[in-house]
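Beneath this line is the structure, given in structure tokens, with notes to follow.
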Amino acid sequence: MDNTVDFLLLESIYFPMFCIFFNLLLLLGMFGSWVYQKGVACENNDGVTNERFKKTSLTYNKLVLVCCVAFSALSSVLLLSSCFHLHADGWDRSKLMNLVALLFASLSWGAISFYLYRNDLSTDVQGQKIPLLLRLWWVSFFIVSCCGLSVDIVLHKKQELESVHLLIYHAVAVTVGLFLCYSCLQRQGEGERINLLEEPLLNGAESSKAEGDDDEVVTPFSNAGFLSHMSFSWMGSLIALGNQKIIDSQDVPQVDGSDRAEKLFSIFRSKLDWDDGERRITSFKLIKALFFSARRDILLSTLFAFLYTLSCYVAPYLMDTFVQYLNGNRQYSNEGFVLVTTFFVAKLVECQARRNWYFRLQKAGFGMRSVLVSMIYEKGLTLPCHSNQGHTSGEIINLMTVDAERISAFSWYMHDPWILVLQINLALLILYRSLGLGSIVAFAATFLVMLGNIPLAKLEEKFQGNLMESKDERMKKTSEVLLNMRILKLQGWEMKFLSKILDLRRIEASWLKKFVYNSAAISSVLWAAPSFVSATAFGACMLLKIPLESGKILAALATFRILQNPIYKLPDTISMIVQTKVSLDRIATFLCLDDLQQDVVERLSSGSSKTDVEVSDGAFSWDESSPVPTLRDISFKIPHGMNVAICGTVGSGKSSLLSSILGEVPKISGNLKVCGRKAYIAQSPWIQSGKVEENILFGKPMQREWYERVLEACSLNKDLEVLPFRDQTVIGERGINLSGGQKQRIQIARALYQNADIYLFDDPFSAVDAHTGSHLFKEVLLGILRNKTVIYVTHQLEFLPDADLILVMKDGAITQAGKYNDLLDSGTDFMELVGAHTDALAAVDSFEKGSAATAQSTTSKENKVSNDEDKQDEDLATPKGQLVQEEEREKGKVGFSVYQKYMSLAYGGALVPIIVVVQSLFQILNIGSNYWMAWVTPVSQDVKPPVSGSTLIVVYVVLATASSFCILVRAMLAAMTGFKIATELFNQMHLRVFRASMSFFDATPIGRILNRASTDQSAVDLRLPSQFSNLLVTAINILGIIGVMGQVAWQVLIVFIPVIAACTWYRQYYISAARELARLSGISRSPLVQHFSETLSGITTIRSFDQEPRFRSDIMRLNDCYSRLRFHAISAMEWLCFRLDLLSTAAFALSLVILVCIPEGVINPSFAGLAVTYALNLNSLQATLIWTLCDLENKMISVERMLQYIDIPSEPPLVIESARPEKSWPSCGEITICNLQVRYGAHLPMVLRGLTCTFPGGLKTGIVGRTGCGKSTLIQTLFRIVEPTAGEIRIDGVNILTIGLHDLRSRLSIIPQDPTMFEGTVRSNLDPLEEHTDDQIWEALDKCQLGDEVRKKELKLDSPVSENGQNWSVGQRQLVCLGRVLLKRSKVLVLDEATASVDTATDNLIQETLRQHFSDCTVITIAHRISSVIDSDMVLLLDQGLIKEHDSPAKLLEDKSSSFSKLVAEYTATSDSRFRRSC
């Protein structure tokens, strides 16, 4: 082997000849390029160089030019110097070849410098380009220079180097080559990214952003110089600011333009290759696209990782020489200081390379996370809204919060596999030099260790896959439950649903337990691997009679210590590879889901056709596999400006018809054309979190005159006056602080403001009172939209006579079509609807006519209310504030109490000291085994060993085995502790969240809770236990190293005192900024999750308004906000670690100087060598310790955030044993309200202002009033969803404030305003508590008119219900809610606009059902239909939170000036006049 190396490299003539040829190739290439460019310039006649040539090149800066000129000058100086030496000493062939090589090098670098200078004449340096030829040549030059330097070092060691000038020249050449390679990679892609892929969205966003971004502060990283990049000095200003004040989000600059989500996503999409006919995305395609989106940082990190690996093995290679020097075997003068300098330089390179390696990897990880989140969001925008193909919104959010984050975290481990291979090869070379054939045995032992982990790795992959699936199930259920928490609390079901989530967590925890114990097993095996490998190698040496000297032993131990780091990381690497593969597969599977059909609707531009909507023989079905389509035989034409009404019974397909026009329902057959822009008003209002104004504008610029006109048409001005900040009031999540009518009218205003061509209304008037509905119909449909095409679904048949066309639907088909008068005589379907409505009107008329004769006041004097002005004035002065506040974050350092609470969650912290003792015992045994080897092996062959070879190996194996056992115990105890803590945190947080009052959910966006339940819980499950283990291991390791070095030379401890002090100061200086950056980045995740969740719930509305581009832009902006905070957080970490590494390197160098300066014979060379062996890892361990401490504090913020929710206030007790009501309570159902005052928060105005009244038991009371008057608030107070500020409510004499919440809510029944169904089955939706038999459930279904519908389904009661009941119409969901109360049979029943979403005929059936089965119950009805309350025994009319009227309907109708009379008059006048006029 040596002869081969001598021949190829060390023969003096061959290497210079290769260099001559290498430089000659460059000169010829540059000449050819110059000729080509001249020809192109002549052809173009304008002197412009070839654009295609420029596009394949890189940008550069003036530092590159200076570097090239300087190296050309150095080559010229050495050329002249060599000429003088040759002239003086005589000429020979080898010296002549070196001279010619220098000549060509000087010419090559001169030509490069001239080229760069000629292309650098313009002031815009960034616009200039370097050709591909130079980039390839520079990379090759760096490799050749490394070879040249290696040759010179070997020749110098053999004392055969002709001139030290060549050594200097090649050392400088390596530095220059490294800088130029870095420059290539650093600037890569800036010119290309502009032209890679230009999508209309991205171009539009870029152009629109250009004006607003002028004042945006961009990170100093963008403009930092070479030295600033390498030392992270550009972060200094932000860290200094963190020491002056608590950093806020606006203090953190934006990321560089090339790292923005939009640009990275454009590259990712261009490289994904998913348009392959089938649009199949595989994990490999994802990996390829991710690589190209972050290739600059990945390639740079590869370079730094390679340099780091090489520099790590310099010290082991020289260890034997160093021990021999200390033993007195010195080859030349000042050899000790040369060795110390070599060690020092190698450690400096190692420090620099590692920090930049880690920084670039994390930067690449952020980029990959950003594009994955954008891609998942993009896919979410194209999924069919009612058929996510098995993926609920909770699962989709999990892909973003967990899987994308995991792939980002994998960047840490990206290079570990090939680095491990490289390190094993380098280690084998050094071991072969030290141990000879024993190194082959060491390699075999290493291979066995790797092989032994394969079955464990497969198990880990299985456990990880199952863990993620179970986490998805839990998050899906959690998301659904949080969205419907109000109905759960109203029904008293929250603890039942909590138990379901805890059951899902138990399944998840079983897989988590297997996963962490399996990881602990892998960890213990690999921690024991270095001892096993070294024992095997040393035993083989004894058997092969290879002499073991302390210098060679220490070189081998140093090699094993370096090798143990990647081997120690191997379990984490295997785990991360497995987890990342699972996550990539899950994301790829999601991206492969079928998109919404794009060919359902043929879209025509506005004005291109006189027909706005045309359907020919259309058949549409939500479930394409169903034999019976949802809609069939649909044919109609709607010319521009026509007013079209759609009516029919519940479940007839009205909403599906609108959805098909929007393109949301898959088309089976037929044609559908839509001409113009659409606006859609959904039946269930979709409101975004944000200001009222933002919801109405919906991305459009403000046009004040049009905006005010829209507000007036939608009757919103009076509502805005009540809101604390008018249209600047922040709406809570899902419009939580608005009434149903207010949400609906804001939704209508949003549609009007868009000024579209076609308007689709899905029964929006059902959520508002009759007066408001009439006003909206008149001002909106017949006013502002009189010249627009309007298609509206309605159950309020009084709006039908004004329609130009009425479509009557039944069982998914249009059974009748025509004008109102024509339909009256043409069929039975329409007459059934009209007949039901006429009956309702007749009931109202009879009450009006008979009011004078039958009026009997049932109101006692004490029930009348004195609405004094003083009270109103007092409430108007009440301080007002926003409902949704900014997310709370702690300030300053994470308190010790957080760590204490965390540790005490597992067995009171009893296992922690045991873990510390076991790890300390491992360290002692490990050091003891190495001490043993250093003591018993001779320094040289002529010294007799103190013990026999067998004794040496036996003792070493015993010590190694004992240390391995300690590692196994420590790993298992740590896994047990981490698992226990994660379980306790989960249970406690979820219990407190479910026991929180509704005010917490009203003010807390669901994204904040989901963030803690997913991302923070994942950190507690998997990351924190390993971080605490790493901290313990590293700290004890450092103490062991300092102990070893101090035992060898106590003077070394003097060096460590100032170094440790400086490290502590740096950490203190850094942590203020880093802590807040970590908190801000944690908070910035919540808006991302919330926006994602809101988008998925409102996807139909978003698509109908063609707002996908704006929402994509929003997710990109939120992505960048999160990325900039994370980017600066990790940059701050690297800023600190770089400085700590420098301090540790300086301490290491000074320690070596002390050892070298100590006189010979004072210290044992073997022990000194052992101390140096341990000290080699000191800088990395010290940096790791500080990094782990800081990262641990950042990760502990997840615990801090979860503990915040453990400390939230709870509702009053569910059960108060000392005040439990009788089982028969309430027996009469009389409700007495006394001076009731209610507000939703201390900073919000009063909603109910002192109500006093009585609801007689067994009677039916109707509550009416304008939208927002406090009707729903009164009901929520009755159920203690909202606790009264003052006053009391008594039911049958029992003060409801004195009994438990479950005792109260379980005795009351309610059909809520928003009908709610849960994912599961029909049975589980009707009877969640599993208290009733199937016969009882069927009886309830028949009573609520759903029995026949359910019997049609194949699985009957086990028929599936999708997320949020999306496979059931809104009216059917309302009937299911009726079925629940029929099963419950409570004495008090509340109907909160329970029939708003059903047709009049169904409403009449429901009212008849209630009269039959709740005749002896107290029924409280809130309704907008007068017919629903006109037959009530009592009517309560509210106005702005006050009782305006309370009496029997007959008595109130007798007084024609009463507000109730006016409401009835408006309703009957509107309906009656239209119907009777039409009849």
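This one's a predicted model, so the numbers in the text were calculated from it and none came from an experiment.
Side chains of M375 and I587 form no contact here, defined as non-hydrogen atoms less than 4.5 Å apart. Within the 4.5 Å cutoff, side-chain heavy atoms of N356 are placed close to those of M230. Between H1128 and T219, some side-chain heavy-atom pair lies under the 4.5 Å cut-off. V1199 places none of its side-chain heavy atoms less than 4.5 Å from the side chain of I981. Using a 4.5 Å cut-off on side-chain heavy atoms (C-beta onward), I376 and F1092 make contact.
The main-chain N or O of E693 is never found under 3.5 Å from a side-chain atom of D727 such that the two would form a donor-acceptor pair. Remark: side-chain polar atoms of S1084 are paired, donor with acceptor, to backbone N or O of S1081 under 3.5 angstrom. S1093 places no side-chain N or O within 3.5 Å of a backbone atom of V1089 that could act as its donor or acceptor partner. Panel note: side chain Y902, backbone L985; no donor-acceptor pair is recorded below 3.5 Å. At distances below 3.5 Å, not a single donor-acceptor pair connects side-chain atoms of R1201 with backbone N or O atoms of R1012.
L238 approaches A1073 most closely through the heavy-atom pair O-CB, 4.1 Å. The minimum heavy-atom distance linking P1245 with R1239 is given by the pair O-CB, 3.5 Å.
In this structure, Y377 and H1091 have parallel ring planes: the angle between them is below the 30° cut-off, well short of the 60° mark.
A cation-pi arrangement, defined by a distance under 6.0 Å to the six-membered ring centre and an angle within 45 degrees of its axis, is absent between R1139 and F232. Cation-pi check for R1126 over F366 is not met; the charged atom does not lie both under 6.0 angstrom from the ring centroid and within 45 degrees of its normal.
From W1135, atom CH2 reaches atom OG of S233 across 9.0 Å, with rounding to the nearest 0.5 Å.
In this structure, K471 does not pair ionically with D403, as no charged nitrogen and carboxylate oxygen lie closer than 4.0 Å. R1117 and D1114 are joined by a salt bridge, as a carboxylate oxygen and a charged side-chain nitrogen come within less than 4.0 angstrom of each other.
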* To do: Evaluate ring pair (Phe, Tyr, Trp, His ring centres under 6.0 Å) for F1127 paired with W234, printing each intermediate quantity in order.
  => CA-CA 13 Å; F1127 171 76; W234 55 271; 5.7 Å; yes

* Mind running side-chain hydrogen bond (donor to acceptor under 3.5 Å, both in side chains) on R992 and S1210 for me, showing each step along the way? => CA-CA 7 Å; R992 293 308 289 265; S1210 292; 3.1 Å; yes

* Asked: After noting the C-alpha distance and the side-chain angles of S374 and N1119, does the key distance pass the side-chain hydrogen bond (donor to acceptor under 3.5 Å, both in side chains) rule?
  -> CA-CA 8 Å; S374 302; N1119 243 334; 3.1 Å; yes

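When ring centroids are compared, F221 and H229 come within the 6.0 Å threshold.
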